[in-house]
Amino acid sequence: MAQARGQNTELGNITLQVGLDVPSFHYFYSVQSKVQDQACTFPEALRWMQLVMQRHEQISEVFHGYLLHQLALRGVEPSQVKIEVSRRGITVAARILEALERSEMPSFDEVLKLLGEEDETWNDFWNMLPPDELAVDFRSLSYLFYVYEVIRPALEGNINPTAFGSNSKANTGRLVIGIDDCSERRIYSRSQKLLKEIRNNPAIKKLPYLMEIYMSNRVITNNNETGSYLYRDDPSPEKPIVAPWRQLGEEEEDKLQPSSTDFGPYDLVRSLHGEEASKVLRELFNSVGLS
């Protein structure tokens, strides 16, 4: 998930602010539930959490590096863009890791309290929710956490507690969101409802709007008729085999012995986006220990 906003600087230039949300929070529920159900030991859960956070850091660096590369190709200087990778889940992960190291169950109440202590904007968000929509466990908290990530820029530094007049003359801000699958659509639908409430709040200084960008139905299972996941029923093999093609005469066709090669992820990127994109991605993944 990515968010992009423009902000005027004192010189009148536009600074592009990009927020990259590399999901990790929903894995916390998986770890906690497996320990609670005694499906794994505390040391196994600890190692699981450590690997989740390690992969989060690795993928974050790759996304950050590739975004800078693509923006540079479009003439955007590093000074014109501010990229932030969401790190609000890391504090929660650290608290869960501490509990697992002591062979204790992570406490939902402690994590919820920690979020409010570490981030004042979270409290504004939490107070907006009706009682029946408040999180009651790690699973429901992970959903609300992602909703919060979407609308946080609309709340952060945007509430004037002394202003109770009309906000009809407020400046307009906009969030641009990329939507990947049906799980994120549920998050964005809830975000739209909350943003509507925010716009109706007279204490808001800048009116926020959410622009949703949907992928083509052609790349979604069954043209997204049932809201299914991307490529879920893709019949292609795990490692496609590609046979180089050329036009043959009739005699050659009779003697044809096709040669084949492995077709990996970087080959796919190369065929879709070119050699340069494949090369840059390979270098970025290698730089963080992934290949």
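All values below come from the heavy atoms of this structure, side chains included, with hydrogens, waters and symmetry mates left out.
Among all heavy-atom pairs drawn from Ile96 and Pro106, the shortest one is CG2-CG, 3.7 Å. Contact detail for Ala45 and Val35: the closest heavy-atom pair is CB-CG2, 3.2 Å. Closest non-hydrogen pair, Leu144 versus Phe125, comes out as O-CZ, 3.7 Å.
Other residues, nucleotides and ligands contribute more than 12 heavy atoms inside 6.0 Å of the CD atom of Glu117. Arg139 CZ: 12 or fewer foreign heavy atoms inside a 6.0 Å radius.
Looking only at atom types and distance, the side chain of Asp137 has no donor-acceptor partner in the side chain of Tyr29 under 3.5 Å away. There is no side-chain donor-acceptor pair under 3.5 Å between His26 and Tyr143.
Here the side chain of Glu118 pairs no donor or acceptor atom with the backbone of Leu115 at under 3.5 angstrom. In this structure, the side chain of Gln58 engages the main chain of Val288 through a donor-acceptor pair within 3.5 Å. Remark: the backbone N or O of Glu275 is not paired with any side-chain donor or acceptor of Ser278 at under 3.5 angstrom. With hydrogens and angles disregarded, a donor-acceptor distance shorter than 3.5 Å links the side chain of Arg74 to the backbone of Gln70.
Under the 4.5 Å side-chain heavy-atom criterion for ILVMFWY residues, no single connected hydrophobic cluster contains both Tyr27 and Leu114. The hydrophobic clustering, which links ILVMFWY residues whose side-chain heavy atoms are closer than 4.5 Å, places Leu134 and Met128 together. The hydrophobic cluster containing Leu73 does not contain Val81, counting ILVMFWY residues as joined when their side-chain heavy atoms lie under 4.5 angstrom apart, directly or transitively.
Residues Trp126 and Leu112 are in side-chain contact: their nearest non-hydrogen atoms beyond the backbone lie under 4.5 Å apart. Contact annotation: the side chain of Lys279 never approaches that of Arg270 to less than 4.5 Å [non-hydrogen atoms, C-beta and beyond]. You'll find the side chain of Leu290 stays beyond 4.5 Å of the side chain of Leu284, heavy atoms only. With a 4.5 Å cut-off on side-chain heavy atoms, Leu194 and Leu129 count as touching.
Taken from CZ in Phe108 to OG in Ser140, the straight-line distance is 5.5 Å, to the nearest 0.5 Å. How far CG of Leu100 is from CZ of Arg95: 12.5 Å, rounded to the nearest 0.5 Å.
For residues 40-68, the pairs satisfying ring-ring contact (aromatic ring centres under 6.0 Å, His included) are Tyr66-His69, with sequence neighbours left out. Contacts classified as salt bridge (charged side-chain N to carboxylate O under 4.0 Å, His left out) and involving residues 38-55 (residues at least two apart or in different chains) are not found.
Taking the ring centroids of Phe28 and Phe138, they lie at or beyond the 6.0 Å cut-off.
Salt-bridge check for Glu84 with Arg152: passed, with a basic side-chain N closer than 4.0 Å to an acidic carboxylate O.
Ile151 pairs with exactly one of Ile187, Leu195, Thr121 by the side-chain contact (heavy atoms from CB on, under 4.5 Å) rule, that one being Leu195.
Classified by interplanar angle (parallel below 30°, tilted 30° to 60°, perpendicular above 60°), the ring pair Phe145/Phe25 is parallel.
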